[in-house]
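First comes the structure, then the notes that go with it.
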Protein chains: 2
Amino acid sequence: MKSTLKVMHDTGLKKTPARIAILDVFHHSSKPLDADTIVDLLEKHDVKTDRVTVYRTLNTLTDFNVLKKVEFGEGKFRYELSSLPHHHHLICTSCGRVEDIAECGMEDVENKLQKRTSFVIKQHNAEFFGLCTKCQ
Amino acid sequence: MKSTLKVMHDTGLKKTPARIAILDVFHHSSKPLDADTIVDLLEKHDVKTDRVTVYRTLNTLTDFNVLKKVEFGEGKFRYELSSLPHHHHLICTSCGRVEDIAECGMEDVENKLQKRTSFVIKQHNAEFFGLCTKCQ
DNA sequence: TTTAATGCAAAACCTTTGCACATCA
DNA sequence: TGATGTGCAAAGGTTTTGCATTAAA
């Protein structure tokens with residue numbers, strides 16, 4: 001995985017404390033984060049930053065394809081590093097735990113779909129919902 | 001497909017003009033609708049209803065499993081009849097056109113996943129993004 | 001008549017915008 | 001220094017809540 005500083009360098013974006021701190025948060029997170037959580041984490045790490053800066057940074061990094069927006073049906077966006085290998089999410093509907101699913105196995109599904117429809121398919125999202133071990 | 005009145009009867013909810021009109025809108029729509037679009041359609045059909053009633057109706061019908069919430073990464077919810085056969089959506093990233101995908105072909109994916117993880121998987125969502133014929 | 005639904009006003013959330021000031025390269 | 005990023009205040013868009021009134025069963 002690319003380091004935070006490497007990412008900043010590649011984008012050509014200015015290396016500001018806020019951006020470095022926000023990217024660090026993602027590099028240390030195992031699941032997609034929403035803006036509010038990031039604000040909290042920054043505060044906890046004594047990084048003084050405005051909420052607006054967080055939103056702006058999330059958008060900028062998404063535009064530069066450093067981050068990827070995802071939605072879990074919560075009415076808000078979450079973000080994750082787009083450098084992560086292609087994967088989907090398995091979400092526990094009881095406790096909210098999120099697990100990554102590597103090898104989505106959807107290549108076949110997508111290929112068949114490509115043949116059946118007139119669309120040129122560029123990407124897909126998938127979320128699986130269920131109960132984790134603890135919540136079953 | 002169940003008729004609007006049948007749906008109302010099955011839920012035990014009161015048959016109010018607003019609810020009937022809203023369900024009618026869904027019975028005549030080929031794609032998931034957001035609250036705002038519904039408000040517009042009702043207005044066009046001269047059904048006088050408050051926006052809040054639309055939101056409340058959408059929530060009530062979702063609670064009763066008559067409607068299903070879906071998200072297309074727009075920062076708002078859309079709803080569709082949950083009586084529709086299991087399907088996913090193919091969304092044109094250029095013009096916003098939405099096509100249903102019947103036979104999702106994800107049973108295998110889900111079954112394999114079930115074996116590989118400790119979750120009990122209850123359902124999945126999938127959205128495919130690409131370009132429709134016109135926009136290619 | 002009793003319970004549930006509606007309308008209106010107000011607010012809660014999440015997110016964006018404008019603008020002056022600060023900071024990185 | 002010049003371009004870009006930040007903070008603050010304000011606003012925009014979507015959705016929810018409280019409460020008095022109205023309508024369904």
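Everything quoted here is computed from the prediction, not taken from an experiment. Order of the sequence lines sets the chain letters (A, B, ...), proteins ahead of strands, with each chain counted from 1.
As rounded to whole Å, 11 Å separates atom C1' of D:dT14 from atom CZ of A:Phe77. Atoms NZ (A:Lys15) and C1' (D:dT6) sit 18 Å apart, rounded to a whole Å. For the pair B:Phe72 CZ and D:dT14 C1', the interatomic distance rounds to 17 Å; values are reported in whole Å. Between the CD atom of B:Glu74 and the C1' atom of D:dG13 there is a distance of 13 Å, rounded to whole Å.
Each of B:Ala35 and A:Pro17 was matched to the nucleotide of DNA chain D holding its nearest heavy atom; the match closer to the 5' end belongs to A:Pro17. Comparing B:Tyr79 and A:Thr53 against DNA chain D, the residue whose closest nucleotide sits nearer the 5' end is A:Thr53.
Taking the side-chain contact (heavy atoms from CB on, under 4.5 Å) definition, one finds that B:His87 meets it with B:Glu80, B:Leu84, B:His89, B:Asp100, sequence neighbours left out.
With hydrogens and angles left out, the side chain of B:Arg51 and the base of D:dG13 share no donor-acceptor pair within 3.5 Å.
For the contact set between residues 61-68 of chain B and DNA chain C, defined by any heavy atom under 4.0 Å, there are no members. For the contact set between residues 37-50 of chain A and DNA chain C, defined by any heavy atom under 4.0 Å, there are no members.
Nucleic acid contact for A:Asp36: none, since no nucleic acid atom lies under 4.0 Å from a heavy atom of the residue. Residue B:Lys76 is in sugar-phosphate contact alone, with no base atom involved, counting any heavy-atom pair closer than 4.0 Å across all strands shown. B:Asp34 comes within contact range of no nucleotide atom at all, as no heavy-atom separation falls under 4.0 Å.
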Report, one line per pair, each donor and acceptor closer than 3.5 Å where one atom sits in a side chain of residues 61-72 of chain B; sequence neighbours left out.
from    : atom 1 : to      : atom 2 : distance (Å)
B:Thr62 : OG1    : B:Leu58 : O      : 2.6
B:Glu71 : OE1    : A:Gly73 : N      : 2.6

Side-chain donor-acceptor contacts of residues 39-49 of chain B below 3.5 Å, not counting sequence neighbours, with atom names and distances?
from    : atom 1 : to      : atom 2 : distance (Å)
B:His45 : ND1    : B:Leu41 : O      : 3.0

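Atom CG of B:Leu90 and atom NE2 of B:His88 lie 12.0 Å apart (nearest 0.5 Å). The line from OG1 of A:Thr117 to CD1 of B:Ile101 is 7.0 Å long, rounded to the nearest 0.5 Å. The CG atom of B:Asn59 sits 9.5 Å away from the CZ atom of B:Phe77 when rounded to the nearest 0.5 Å. Note that CD1 of A:Ile91 and CD1 of B:Ile121 are 11.0 Å apart. Values are rounded to the nearest 0.5 Å.
Protein chain A contacts DNA chain C from C:dC14 to C:dA25, reading 5' to 3' and using non-hydrogen atoms of the protein with a distance under 4.0 Å.
Checking D:dT16, D:dA24, D:dC19 against the side-chain heavy atoms of B:Lys14 singles out D:dA24 as nearest. With D:dT14, D:dT17, D:dA24 as the candidates, the nucleotide lying closest to the side chain of B:Tyr55 is D:dT14.
Ring geometry, B:His124 versus A:Phe128: the interplanar angle falls from 30° to 60°, so the pair is classed tilted.
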